[in-house]
A.B. asks: 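Here it is, the structure in full.
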Amino acid sequence: MKTQILPADAPQTAQAAAALIKAGELVAIPTETVYGLGADGLNPEAVAKIFAVKGRPQDNPLILHVADAEALTHLCHDIPPAAYALADAFWPGPLTMVLPAKDIIPKTTIAGNTTVAVRCPDCAVTRQIIRLAGVPIAAPSANISGKPSTTTAEHVLHDHAGRIPLIVDGGSCRVGLESTIVDLTEERPRLLRPGGITPEQLLEVLGDLVVDKAVTAQIDQDAVVKAPGMKYKHYAPAAPVIIVSGSREAAARYIRAHFQPGDRVLCFAEELPLYEGCAPLAYGEEADTASLSAGLFSALRELDDPAVGTVYARCPVGGGIAYAVQNRLKKAAAFHIIDAEVAL
Ligand code: AMP
Ligand code: MG
């Protein structure tokens with residue numbers, strides 16, 4: 001199969017993509033978070049292709065992408081007022097809500113659950129494709145399972161050339177990290193995954209928020225968890241990643257003392273002068289957290305090279321978007337963190 005790439009702003013792109021979706025084929029779609037590997041979310045055979053092409057575990061449910069909040073009533077039941085309040089505040093945008101699923105959603109899409117994850121992406125061409133296809137588009141991040149997510153059309157081509165018919169090229173993803181996921185099916189709203197909509201923003205609308213343990217700790221492979229995707233190895237380049245925390249100076253002292261030829265340093269742009277001779281790669285500016293979220297996955301992909309030894313990574317501190325960057329980087333590092341202020 002030849003993989004075609006069409007620019008998002010070309011006149012026939014949305015039509016062509018929607019026709020493939022309706023025919024049960026896969027299309028890689030741009031969003032503001034990451035590129036998705038999309039299929040008709042109501043067609044179990046089409047959805048099965050996503051799992052096969054990605055190599056995704058069958059118990060990891062997909063997010064349904066919709067064109068507007070009205071779609072919620074077709075897909076979900078017992079929708080709490082909080083869902084509409086969140087949609088009002090943050091849709092279209094990087095927020096996914098977990099709600100009770102109606103029976104029209106195939107079990108393959110939701111991996112046998114009784115709940116479904118729904119999101120309205122902030123990307124005009126993708127909403128147009130959804131409208132033209134007339135179905136919700138099920139789409140996980142378009143990377144091969146376990147690898148860093150895809151934030152450009154080139155990343156998708158790298159992982160799936162010859163295996164999917166179409167990639168819609170919408171340029172680099174603005175947010176660069178997967179959506180925030182909030183579960184609204186329990187008494188209290190629960191954050192399952194941090195992302196571009198911050199915990200602070202959610203709290204402002206919801207007045208309450210529980211943070212799931214999958215966000216802050218390593219989850220056992222056999223565990224039964226609310227966020228199935230979070231228990232798998234994620235976002236990781238081939239080499240082991242070690243986060244080195246502490247002040248700039250302490251971290252540079254530690255890393256320079258342990259650096260071996262072939263290792264790499266993943267740092268903030270402001271720190272590049274501290275790592276001369278240590279093959280540093282900056283993923284953004286510490287002073288501009290949005291640049292860190294936008295640049296993280298591209299950098300992790302660049303480091304995904306069997307020739308790389310150990311990756312020493314610097315991680316931003318604090319809330320807001322930095323909270324989501326910490327979550328992805330800690331998962332990429334399998335929670336291996338060294339405090340340079342105390343370590344020798
Ligand atoms: P991905 O699109 O690859 O970032 O993966 C989608 C994420 O959404 C995974 O972490 C899933 O486990 C999560 N997810 C999807 N549906 C549900 C659901 N019904 N309940 C909880 N988490 C979900
Ligand atoms: Mg993913």
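Atoms within a ligand are numbered from 1 in the order they appear, just like the ligands themselves.
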A.B. asks: Less than 4.0 angstrom from a charged side-chain N to a carboxylate O is my criterion; do Arg119 and Glu32 meet it?
C.D. replies: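 A salt bridge is present here (some side-chain N lies under 4.0 Å from a carboxylate O).
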A.B. asks: Ring pair (Phe, Tyr, Trp, His ring centres under 6.0 Å) with Tyr275: which residues, sequence neighbours excluded?
C.D. replies: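 Here no residue qualifies.
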A.B. asks: Please tell me whether Ser179 and Arg193 have a donor and an acceptor in their side chains that are separated by less than 3.5 angstrom.
C.D. replies: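 Note: Ser179 and Arg193 side chains meet the donor-acceptor criterion.
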A.B. asks: Only counting residues at least two apart or in another chain, list the ones meeting ring pair (Phe, Tyr, Trp, His ring centres under 6.0 Å) with His258.
C.D. replies: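 For His258 the ring pair (Phe, Tyr, Trp, His ring centres under 6.0 Å) partners, ignoring immediate neighbours, are Tyr254.
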A.B. asks: Which of the numbered atoms in ligand 1 are below 4.0 angstrom from a heavy atom of Ile181?
C.D. replies: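 Selected atoms, number and element: 7 (C), 8 (O), 13 (C).
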A.B. asks: Between the side chains of Asp122 and Arg174, is the shortest nitrogen-to-carboxylate-oxygen separation below 4.0 Å, so that they form an ion pair?
C.D. replies: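 Looking at Arg174 and Asp122, the cut-off is met.
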A.B. asks: Ring pair (Phe, Tyr, Trp, His ring centres under 6.0 Å) with Tyr312: which residues, sequence neighbours excluded?
C.D. replies: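 Counting only residues at least two positions away or on another chain, Tyr312 forms no ring pair (Phe, Tyr, Trp, His ring centres under 6.0 Å).
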A.B. asks: Can you list the atoms of ligand 1 that are under 4.0 Å from a heavy atom of Leu192?
C.D. replies: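 Per the distance check, 21 (C), 22 (N).
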A.B. asks: Any salt bridge between Arg190 and Glu186, counting N to O under 4.0 Å?
C.D. replies: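 Yes.
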A.B. asks: Is a side-chain donor-acceptor pair under 3.5 Å present for Asn143 with Ser141?
C.D. replies: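 Looking only at side-chain atoms, Asn143 and Ser141 do form a donor-acceptor pair, the distance falling under 3.5 Å.
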A.B. asks: Purely on distance, is any nitrogen or oxygen of Thr115 under 3.5 Å from one on ligand 1?
C.D. replies: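 Checking ligand 1 against Thr115, an N or O pair does fall under 3.5 Å apart.
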A.B. asks: If you measure every N or O of Asn113 against every N or O of ligand 1, does any of those distances drop under 3.5 Å?
C.D. replies: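 No; every N/O pair is 3.5 Å or more apart.
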A.B. asks: Are any of the side-chain nitrogens in Asp304 or Lys147 under 4.0 Å away from the carboxylate oxygens of its partner?
C.D. replies: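 Judged by the 4.0 Å cut-off on N to carboxylate O distance, Asp304 and Lys147 do form a salt bridge.
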A.B. asks: For ligand 1, does Asn60 get within less than 4.0 Å through its side chain, its backbone, both, or neither, judged by non-hydrogen atoms?
C.D. replies: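 Just the side chain.
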A.B. asks: Would you call Lys49-Glu25 a salt bridge at under 4.0 Å N-O?
C.D. replies: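 The answer is yes: the pair qualifies as a salt bridge.
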A.B. asks: Enumerate the atoms of ligand 1 whose separation from the nearest heavy atom of Leu62 is less than 4.0 angstrom.
C.D. replies: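 Reading through ligand 1 atom by atom, the close ones are 15 (C), 16 (N).
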A.B. asks: Specify side chain, backbone, both or neither for Val34, according to which of its non-hydrogen atoms lie closer than 4.0 Å to ligand 1.
C.D. replies: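 It is neither part, as no heavy atom is under 4.0 Å.
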A.B. asks: What protein N/O/S atoms are found closer than 2.8 Å to the Mg ion (ligand 2)?
C.D. replies: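 Those protein N, O or S atoms (cut-off: under 2.8 Å from the Mg ion (ligand 2)) are Ser141 OG.
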A.B. asks: Report, in ascending order of atom number, the atoms of ligand 1 lying under 4.0 Å from any heavy atom of Glu178.
C.D. replies: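 Every atom of ligand 1 under 4.0 Å from some heavy atom of Glu178: 4 (O).
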